[in-house]
Amino acid sequence: MSKRIPLTDEERAVYEWQMWVDDFGEAGQKKLKGASVLISRVGGLGSVVAYELAAAGIGTLVLAHAGNVKSSDLNRQLLMTHDWLGKPRVESAERRLKDLNPRLNIVAVAENVSEENAAGLVEQVDLIVDCAPLFEERFAMNRQAVLQRKPLVECAMFDLEASITTALPGETPCLACLTPEKPAAWTREFPVFGAVSGTVGCIAAMEAIKVLAGFGEPLTGKMLTFDLRDMTFSRRSITRNPACRVCGNVA
Amino acid sequence: MQLKIRYETLLKRAAGVARQSIDVAETQDVRDIVGELASQANNKVRSMLVDAAGNMQPSLLIFVNDCQVNASDSCPLSDGDEITLMSPISGG
């Protein structure tokens, strides 16, 4: 999927230990360097996805997140800091990621994903990680992922629980297959520990790395759910909905 | 037959329990069982399972053991099966 871009000696030194991973190696690292990922919001979940992908040597991150840093962000949004209160979140994210990996290309968009901008954002990348707190944003992203045939890692959390699946348009269920309409019970604000959003964020970053580098078994056609309250993890099969209004006619 | 019911996410919080067991007739399918649970549940749980007309909520995720089932699917149930009910989440 991603282009393979030769590594510099500095990059070989930085990524040496992960290039020892079976089935990944230098070929996988070159694919990551040539790859681009869109992260829809870099909040509690997306911050960790972005941080892990930056550390792993992804070539380009497109970050979409509106608004300024607030005090209530700071228990979980690890790319936001006290000294950036009142200033744009994507700028905070960009400087923190550049501190970690100065080789990283970042496209910082100070907007949340919407029906208006989703197509243009998805066009820029090889893969999407959806970390938005509102179903409306997720639905807009899902529609474009299906239309443009881009893999989408769909991950979310609530309280001490989380769910994650990796959608490949035309092959596996899309978000609308699973959730055809916004659940009435979902509200904009929800209970969250950073360690929970961070756990599912790390899993999401690993899903992106596996899909982009072409190794391992991503959660395609599977949904992983877990509850850190009692450490229950479940991996279950999920199915496409032939009547899905988004991907039902996509083969 | 006896079935294990497992609630996840907002349903678990609203139900106040993660798991329960129920005894049902062998002829009942998943739709019947969700309807029966809704009839016994508090208002919050009921609204996540069924709409005002008693139809199953389209966003309700249902798994029998390790496989997702759609409300319209004919899914034979056996004694001891676990039915997981999950209300989708979107926290980021």
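Lettering of chains follows the sequences in order, A, B, ..., and the numbering in each one begins at 1.
Looking at A:L160, there are no atoms closer than 4.5 Å to chain B (heavy atoms on both sides), in backbone or side chain. The contact between A:P191 and chain B is made entirely by side chain atoms (from C-beta outward), counting heavy-atom distances below 4.5 Å. Looking at A:A132, only its backbone comes within 4.5 Å of chain B, counting heavy atoms on both sides. Heavy atoms of A:F190 lying under 4.5 Å from chain B belong exclusively to its side chain. Contacts of B:L10 with chain A are made by both backbone and side-chain atoms, with heavy-atom separations under 4.5 Å. Proximity to chain B is limited to the side chain of A:T225, based on heavy atoms less than 4.5 angstrom apart. At a 4.5 Å heavy-atom cutoff, the contact between A:D227 and chain B is made by side-chain atoms alone. Residue contact with chain B, scored on non-hydrogen atoms closer than 4.5 Å, is absent for A:R41. In this structure, chain B has heavy atoms under 4.5 Å from both the backbone and the side chain of A:S163.
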Q: Test A:E111 against A:N117 for side chain to side chain contact (heavy atoms under 4.5 Å, CB included), laying out the working first.
A: CA-CA 9 Å; A:E111 300 172 14; A:N117 66 13; 2.9 Å; yes
(Q) With side chain to side chain contact (heavy atoms under 4.5 Å, CB included) as the criterion, how do A:K87 and A:S92 come out once you've worked through the C-alpha distance, each side chain's angles and the decisive distance to 0.1 Å? (A) CA-CA 8 Å; A:K87 293 192 261 186; A:S92 184; over 6 Å; no
Q: Determine, step by step, whether B:L77 and B:L3 satisfy the side chain to side chain contact (heavy atoms under 4.5 Å, CB included) criterion, reporting the C-alpha distance in whole Å, the side-chain angles of both residues, the deciding distance to 0.1 Å, and the verdict.
A: CA-CA 9 Å; B:L77 296 169; B:L3 301 174; 4.2 Å; yes
(Q) Please determine whether side chain to side chain contact (heavy atoms under 4.5 Å, CB included) holds for the pair A:L224 and A:I203, giving the CA-CA distance in whole Å, both sets of side-chain angles, and the decisive distance to 0.1 Å. (A) CA-CA 10 Å; A:L224 178 73; A:I203 296 171; 4.1 Å; yes
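No donor-acceptor pair under 3.5 Å is formed between the side chain of A:R96 and the backbone N or O of A:T81. For the pair A:K150 (side chain) and A:V122 (backbone), a donor-acceptor distance under 3.5 Å is present.
Counting only N and O atoms by type, the side chains of A:T187 and A:E189 include no donor and acceptor under 3.5 Å apart. A:E207 and A:T166 form a side-chain donor-acceptor contact under 3.5 Å, judged by distance and modelled atom types alone.
B:E82 and B:R6 get closest at one heavy-atom pair: OE1-NH1, 3.5 Å. Between A:P173 and A:A167 the shortest heavy-atom distance is O-CB, 3.5 Å.
Both tests hold for A:R95 against A:W84: distance to the six-membered ring centre under 6.0 Å, angle to the ring axis within 45°.
Across B:C67, B:P58, B:S87, the residue that shares the most heavy-atom pairs under 4.5 angstrom with chain A is B:P58. Interface remark: of the candidates A:C155, A:G43, A:G44, A:G44 forms the most heavy-atom pairs closer than 4.5 Å to chain B. Top candidate by heavy-atom pairs under 4.5 Å with chain B, chosen from A:D159, A:V192, A:L178, is A:L178. Among the candidates A:M223, A:R229, A:E181, the residue making the largest number of heavy-atom pairs closer than 4.5 Å to chain B is A:E181. Counting heavy-atom pairs closer than 4.5 Å to chain B, the top residue among A:C131, A:S47, A:P133 is A:P133. For the set B:G92, B:S90, B:G91, the entry with the most heavy-atom pairs within less than 4.5 Å of chain A is B:S90.
Ion pairing of A:R235 with B:D66 is absent here, as no side-chain N (NZ or NE/NH1/NH2) approaches a carboxylate O to less than 4.0 Å.
Within 6.0 Å of CD in A:E217 there are 12 or fewer heavy atoms belonging to other residues, nucleotides or ligands.
Within residues 33-49 of chain B, the residues having any heavy atom less than 4.5 Å from a heavy atom of chain A are, in residue-number order, B:M48.
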